[in-house]
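Remember, it's 1-based here, ligands and their atoms both numbered in the order they're listed.
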Amino acid sequence: MLADLRIVEAKLFTASGLQEGGVAVDEGKIVRVAREPNLPKADRTLNLSGKILLPGLIDAHVHLRDMELSYKEDFISGTAAAAAGGFTTVLDMPNTKPPTNSSERLREKIEVAKGKIMVNVGFYSSFPEDQTDYPSLSSSGMTAFKINLYKPSSKIDVDDRKTLLEAFKNVAKVDRPVAVHAEDRRMVEELQAGLRAAGRTRPLDFLSAHPSEAEEKSLAKVLDIVQYALCRTHFCHVSSHKCIAPIREAKRFLGVTCETTPHHLLLTKDMIVRKGGQAIIDPPLRTAEDNSRLMDAFIKGEVDIIGSDHSPHSLEEKGRENVWDIPPGFPGLETTLPLLFTKVSDGTIPLYRLMESLTSKPAEIFHLKGKGALMEGYDADLTAVDLKERFIVDPSEFRTKAKYSPFEGWRLIGRPFLTVVGGSVVYEDGEITAKPGQGAIVKAL
Ligand code: DOR
Ligand code: ZN
Ligand code: ZN
């Protein structure tokens, strides 16, 4: 047998830990994991000289934008950023223009994405306005639902418990997870109105409008609904440490999971003072206590996964004078893995926990078949990392259109140098080698 590709002399991250060996890949699948003498010959052989080979990383929280928001990011630039960051599968958020909130809109978006994506992409849909659209949405290939309780992307009354319960029950019927941005809309809007009326327009005022209490209150409301709807529920970007205990409790009897982000683990509101609009994201950067308690919960596995919440905006938008004119969000695909690997190397995060949170756990939560492990029969999505090379975060080198980062200037290790998607090399030594359209649309089971 002549395989398509062999990667040899690697340190493989497998379910049983790190082991020396290589992989052979054929027709998009991993066909053999073994030491070199036992690998079949292949058209191309890459020698990793002892560097580490991981299952392709999965980022379940990415805003790829495109369409009318292509000036911020499009499917080409966003998936190039994913490939350069070592992510072989990303799940795209629905708050686009137009929003993904019906089976028709989803099909249109998939058509646009097909010819452009360079890594695998799955799609979220907002709750549809038409309550009969749930089955058609899930059969059109949507991976999960998303509800932003502060800023919904469809016209549903998120403050009405009955409406929300009905929507969550409809989600349960089609057996897809719902990902939640938990923030109490009324509380945030009232606080914001008060701050605006008082003439407060500075970056830190954003934090005053988006306090932890808004997240905690919204989380409690959703957990109450989940008890009745019994749908799988995933809390996005947990930023307040006070959310950890109720989530831990709910996990005992409900299908609840959660995510945090590199910035909520590593940055505090001081960064808002230093970087202004460029460090504004929602939920906002909070306190050192939130950082350390979220890190503890992440290490214990109470926080299941890491999502980058890659949310690109233009530099002009991020540089506006008045905080209420600045859209929240910053890019994350190209910093997430090195930021976390650097915390592995300083002894904070165990390697297996980091790997699980970026590979097998998101695959499990979002039912991504054939993904998340370096095993025979799995999809040939792979990421190679050089743990010796140190580099300095330089946003001008990013592939995303959003060329800024609160992590600018940080000295990190763990930059990926090789990304393989479906058996094809899409990124190698700083170059994108993929053709647009080479990535696959990911459909959940
Ligand atoms: O900071 C954020 N950016 N939070 C959100 O909820 C939306 C996101 C975006 O789309 O830019
Ligand atoms: Zn969000
Ligand atoms: Zn987001």
Amino acids in close contact with ligand 1, where any non-hydrogen atom sits under 4.0 angstrom away: His63, Arg65, Asn95, Asn148, His181, Ile281, Asp282, Ser311, His313, Pro328, Gly329
Just distance, no hydrogens or angles: give the donor-acceptor pairs under 3.5 Å from side chains in residues 145-153, sequence neighbours left out.
unit_1, atom_1, unit_2, atom_2, d
Asn148, OD1, Tyr150, N, 2.9
Asn148, OD1, Lys151, N, 2.9

For the Zn ion (ligand 2): protein N/O/S atoms at distances below 2.8 Å: 2
Side chains of His241 and Asn291 only: does a donor on one sit below 3.5 Å from an acceptor on the other? no
Worked verdict on Glu364 versus Lys361 for salt bridge (charged side-chain N to carboxylate O under 4.0 Å, His left out): CA-CA 5 Å; Glu364 181 189 315; Lys361 271 278 164 189; 3.7 Å; yes
Short N-O contact, Glu389 and Arg415, less than 4.0 angstrom: yes
Taking the six-membered ring for Trp, is the centroid-to-centroid distance between Tyr404 and Phe398 below 6.0 Å? no
Answer yes or no: is there an ion pair linking Glu111 with Lys114, defined by an N-O contact shorter than 4.0 Å? yes
Just how far is it from atom CZ of Arg353 to atom CZ of Phe298, taken to the nearest 0.5 Å? 5.0 Å
Compile the donor-acceptor pairs under 3.5 Å between side chains in residues 274-282 and protein atoms, sequence neighbours left out, one pair per line.
unit_1, atom_1, unit_2, atom_2, d
Lys275, NZ, Glu408, OE1, 3.3
Asp282, OD1, His210, ND1, 3.2

Qualifying residue for ring-ring contact (aromatic ring centres under 6.0 Å, His included) with Phe330, from His310, His313, His263: His263
